[in-house]
Amino acid sequence: MNIAIFVSGSGTNCENIIRYFQGSEDYRTVLVVSNRADAFALERARRLDVPTAVVPKAELGKPDVVMPILQQYGIDFIVLAGFLPLIPDFLIDAFPRRIVNIHPALLPRHGGKGMWGHHVHEAVKAAGDTETGITIHYVSPVCDGGEIIAQFSCAVAPDDTPDTIADKVHELEMAHFPEVLEQLFGQMSE
C-alpha cells in the first residue's frame with residue numbers, strides 16, 4: 001500500500017509515520033505533500049528519502065493539479081498529519097474511507113474551523129477540561145466530522161498550561177498514530 005502524508009507544519013508526526021513503516025514491505029510512505037513550501041516536514045521527508053510535493057492552498061481544490069501527483073505515486077491511502085486546509089470533496093470521493101486525520105483533542109470537543117494546534121490546547125485549558133487526548137478519524141466533508149477510528153486520552157491537571165497540554169497530547173500522537181494506521185491498513189487488506 002502506497003501512503004501519502006499531507007502536512008502543513010514541522011512534521012513530527014509525519015517523520016514518526018515514515019520511520020514506523022520504513023521496514024515494512026506492505027505499507028510504504030511514498031510521498032509527502034504540503035500546502036506550504038516552507039513546511040519543515042518537507043525537509044524531514046527529504047532526509048528520509050521520501051519524495052515531496054507542494055500544492056498551495058489555492059491549487060488544492062483543482063483535481064487536474066492534485067490527482068496527477070497522487071496517480072504518479074500510485075497513492076492508495078492519504079494520512080493528514082497536521083494538514084490545515086480542508087480536503088476538497090473530489091479527493092474524499094476519490095479516496096473513500098482512505099483519508100484519515102489526527103486531531104489533538106477528544107472530538108467532538110474542541111473540533112471544527114479554527115481548532116488546530118495551540119488553539120485546541122488553549123480551548124481545553126479555558127474550558128477547564130480534566131482530560132484531553134487525540135482523535136484519529138476518517139475525513140469527511142465536515143471539518144473534524146468524520147467517523148472516529150480511535151481515541152486516546154490523558155489527564156489535564158489544574159496547573160497544566162496550553163504548552164504542557166500540548167506536550168502530553170504530542171506523546172499520545174507519537175505512541176499511537178502509526179500503530180492505529182497499521183491496524184487500519186491490516187483491516188483493509190483482509
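Below, each value reflects all heavy atoms present in this structure, side chains not excepted, and no hydrogens, waters or symmetry copies. Remember, predicted model here, so these are calculated numbers, not experimental data.
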query = Linking I/L/V/M/F/W/Y whenever their side-chain heavy atoms sit closer than 4.5 Å, directly or via other members, would L86 and M115 fall into one cluster?
reply = no
task = Could you tell me whether the side chain of P88 reaches within less than 4.5 Å of the side chain of L60, counting heavy atoms only?
result = yes
inquiry  = In this structure, would V156 and I134 fall into the same cluster of hydrophobic residues linked by side-chain contacts under 4.5 Å?
reply    = yes
ask   = Is a donor on one side and an acceptor on the other found under 3.5 Å between the side chain of T161 and the backbone of T164?
value = yes
Residues I99, Y138; criterion side chain to side chain contact (heavy atoms under 4.5 Å, CB included); working and verdict = CA-CA 6 Å; I99 306 176; Y138 289 108; over 6 Å; no
ask   = Please, which pairs that meet side-chain hydrogen bond (donor to acceptor under 3.5 Å, both in side chains) have at least one residue in residues 16-27, sequence neighbours excluded?
value = E15-R19, Y20-E182
inquiry  = Tell me whether R36 contacts the main-chain N or O of G9 through its side chain, where contact means a donor paired with an acceptor under 3.5 Å.
reply    = no
inquiry  = In the structure I gave you, are the side-chain heavy atoms of I69 and I75 within less than 4.5 Å of one another anywhere?
reply    = no
key: Contact check, side chains of N2 and Y73, non-hydrogen atoms, under 4.5 Å   = no
4.5 Å side-chain heavy-atom contact, V55 and N35 = no
task = Before accepting this row, confirm whether a basic side-chain N of the pair E43/R46 lies closer than 4.0 Å to the acidic partner's carboxylate O.
result = yes
message = Under 4.5 Å between side-chain heavy atoms, counting indirect links through other Ile/Leu/Val/Met/Phe/Trp/Tyr residues: same cluster for V33 and V139 or not?
response = yes
remark   = Rounded to the nearest 0.5 angstrom, the NE2-CD1 distance for H170 and I165 is 15.5 Å
Residues V79, I3; criterion side chain to side chain contact (heavy atoms under 4.5 Å, CB included); working and verdict = CA-CA 7 Å; V79 176; I3 306 160; 3.8 Å; yes
key: Partners passing side chain to side chain donor-acceptor pair (under 3.5 Å) against Q183 (at least two apart in sequence or in another chain)   = none
inquiry  = Any non-hydrogen side-chain atom of V7 less than 4.5 Å from a side-chain atom of V32?
reply    = yes
remark   = residues 102-120 vs salt bridge (Lys or Arg N to Asp or Glu O under 4.0 Å), sequence neighbours excluded, gives R109-D129
Pairwise distance CD(Q151) to CG(L106) - rounded to 0.5 angstrom = 5.0 Å
inquiry  = For residues 132-152, which residue pairs pass the salt bridge (Lys or Arg N to Asp or Glu O under 4.0 Å) check, not counting sequence neighbours?
reply    = R97-E147
task = Show your reasoning for whether side chain to side chain contact (heavy atoms under 4.5 Å, CB included) applies to I87 and F6.
result = CA-CA 10 Å; I87 296 298; F6 283 32; 4.2 Å; yes
ask   = Do P104 and E173 have side-chain heavy atoms sitting under 4.5 Å apart?
value = yes
request  = Output every pair passing salt bridge (Lys or Arg N to Asp or Glu O under 4.0 Å) with a member in residues 52-64, not counting sequence neighbours, ordered by first then second residue.
outcome  = E59-K62
key: Non-neighbouring partners of K168 that pass side chain to side chain donor-acceptor pair (under 3.5 Å), sequence neighbours left out   = D160
key: Donor-acceptor pair, side chain of S153 and main chain of E131, under 3.5 angstrom   = no
key: Any side-chain heavy-atom pair of I5 and L31 under 4.5 Å   = no
message = Under 6.0 Å between ring centres: does that hold for F185 and F77?
response = yes
Verdict with reasoning, M188 to D76, per side chain to side chain contact (heavy atoms under 4.5 Å, CB included) = CA-CA 11 Å; M188 291 173 61; D76 301 304; over 6 Å; no
ask   = So do the side chains of L91 and L70 get within less than 4.5 Å of each other, counting heavy atoms only?
value = yes
task = Taking all heavy atoms of A105 and all of V120, pick out the closest pair and write down the distance.
result = CB-CG1, 3.5 Å
request  = Show the numbers, then the answer: is there a side chain to side chain donor-acceptor pair (under 3.5 Å) between D163 and H118?
outcome  = CA-CA 8 Å; D163 287 337; H118 217 63; 3.3 Å; yes
